[in-house]
Amino acid sequence: MRSAAGVAAICLFSLWGYSKSRALRLRAVIMRAFGTDMQRLCREMKHRPRELRSTVRCLAGSGLEGFWRLLGEKLETCERAEEAWREAAMWRGFNVLGEREREIILICGSGLGISPSEPQLNAARKAYEEAFARGEELDREAAAKGGVFIKVGVLMGIGAALLLI
């Protein structure tokens with residue numbers, strides 16, 4: 001019975017370490033995808049000026065499709081694009097993000113929906129530059145800390161197993 005509990009402890013703590021490591025990598029992937037999508041949004045706004053709702057639809061096939069779909073829905077119901085962006089930024093796919101990443105996403109929405117389009121483009125450019133930079137920071141952090149989280153999880157599991165046995 002105790003040996004089964006020890007094995008379970010090792011597995012649980014190892015899973016904890018792996019999930020922490022994976023969360024770091026996932027944050028980097030999301031920020032890079034967001035940066036790429038914001039670049040596409042800038043190109044669309046610059047070369048094909050049209051209603052924001054129509055522009056957002058062109059991003060529906062990206063890695064953050066759920067966010068863009070939610071934003072399109074919110075643009076239908078909200079009076080201001082900035083308000084719709086804030087509501088869409090609460091998308092469950094962003095739950096893994098830290099406070100700094102959420103700020104970057106919210107910064108982008110600050111200039112949306114206003115005329116002329118230059119402030120919209122500036123906000124989008126700033127957001128994709130910051131998203132790419134943050135994605136690179138998170139990649140470095142994941143490379144440095146990812147393995148440590150896994151090792152710490154395994155060691156904590158072994159320690160718990162020894163206490164149980």
### Query
So Met156 and Trp16, side chain to side chain contact (heavy atoms under 4.5 Å, CB included) or not? Walk me through it.
CA-CA 10 Å; Met156 285 173 50; Trp16 172 84; 4.2 Å; yes

### Student check: side-chain heavy atoms of Ile105 and Leu97 closer than 4.5 Å
yes

### Message
Between Arg100 and Glu130, does any NZ, NE, NH1 or NH2 come within less than 4.0 Å of an OD or OE carboxylate oxygen?
### Response
yes

### Task
Answer yes when Arg86 and Glu82 have at least one side-chain N-carboxylate O distance shorter than 4.0 Å, and no when they do not.
yes

#### Entry: Nearest atoms (heavy-atom pairs only) where Gly135 meets Ala28
O-CB, 3.8 Å

### Message
Tell me the closest heavy-atom pair linking Gly157 and Ile10, and the distance in Å.
### Response
O-CG1, 3.4 Å

#### Entry: More than 12 heavy atoms from other groups under 6.0 Å of CZ on Arg22
no

### Task
Using the six-membered ring wherever Trp is involved, compare the ring planes of Phe67 and Phe94 and label them parallel, tilted or perpendicular (cut-offs 30° and 60°).
tilted

#### Entry: Asn95 CG to Leu26 CG distance, which is reported to the nearest 0.5 Å
10.5 Å

### Message
Going by salt bridge (Lys or Arg N to Asp or Glu O under 4.0 Å), name the pairs with one or both residues in residues 145-165, residues two or more places apart or in two chains.
### Response
Glu141-Lys145

### Message
Less than 3.5 Å apart, any donor N or O on the side chain of Arg40 or Thr36 sitting next to an acceptor on the other?
### Response
no

### Task
Check the hydrophobic clustering (I, L, V, M, F, W, Y; side-chain heavy atoms under 4.5 Å; chains of links allowed) and say if Leu24 and Met31 are grouped together.
no

### Message
If I compare all heavy atoms of Glu76 with all of Gly72, which pair ends up nearest, and what's the gap?
### Response
CG-O, 3.2 Å

### Message
Looking at Tyr18, I want to see if its OH is surrounded by more than 12 non-hydrogen atoms of other residues, nucleotides or ligands under 6.0 Å.
### Response
no

### Glu101 side chain near Ile30 side chain, heavy-atom distance below 4.5 Å
no

### Query
What heavy-atom pair brings Phe34 and Ala131 nearest, and what distance separates the two atoms?
CD2-CB, 3.9 Å

### Query
What distance separates Ser19 OG from Phe149 CZ, expressed to the nearest 0.5 Å?
9.5 Å

### Message
Membership question, hydrophobic clusters at under 4.5 Å side-chain separation (ILVMFWY): are Met90 and Trp68 in the same one?
### Response
no

### Task
Could you tell me whether the side chain of Leu71 reaches within less than 4.5 Å of the side chain of Trp91, counting heavy atoms only?
no

### Query
How long is the span from the CZ atom in Arg125 to the CD atom in Glu129, to the nearest 0.5 Å?
8.5 Å

### Task
Could you grab the distance from atom CD1 of Ile104 to atom CZ of Arg102, nearest 0.5 Å is fine?
12.5 Å

### Heavy-atom check, side chain of Phe13 versus side chain of Leu155, under 4.5 Å
no

### Leu70 CG to Leu75 CG distance, which is reported to the nearest 0.5 Å
9.5 Å

### Query
Do Arg27 and Arg134 have side-chain heavy atoms sitting under 4.5 Å apart?
yes

### Task
Decide yes or no on side chain to side chain contact (heavy atoms under 4.5 Å, CB included) for Asp139 and Arg32, but give the supporting numbers first.
CA-CA 10 Å; Asp139 276 336; Arg32 279 194 309 275; 2.5 Å; yes

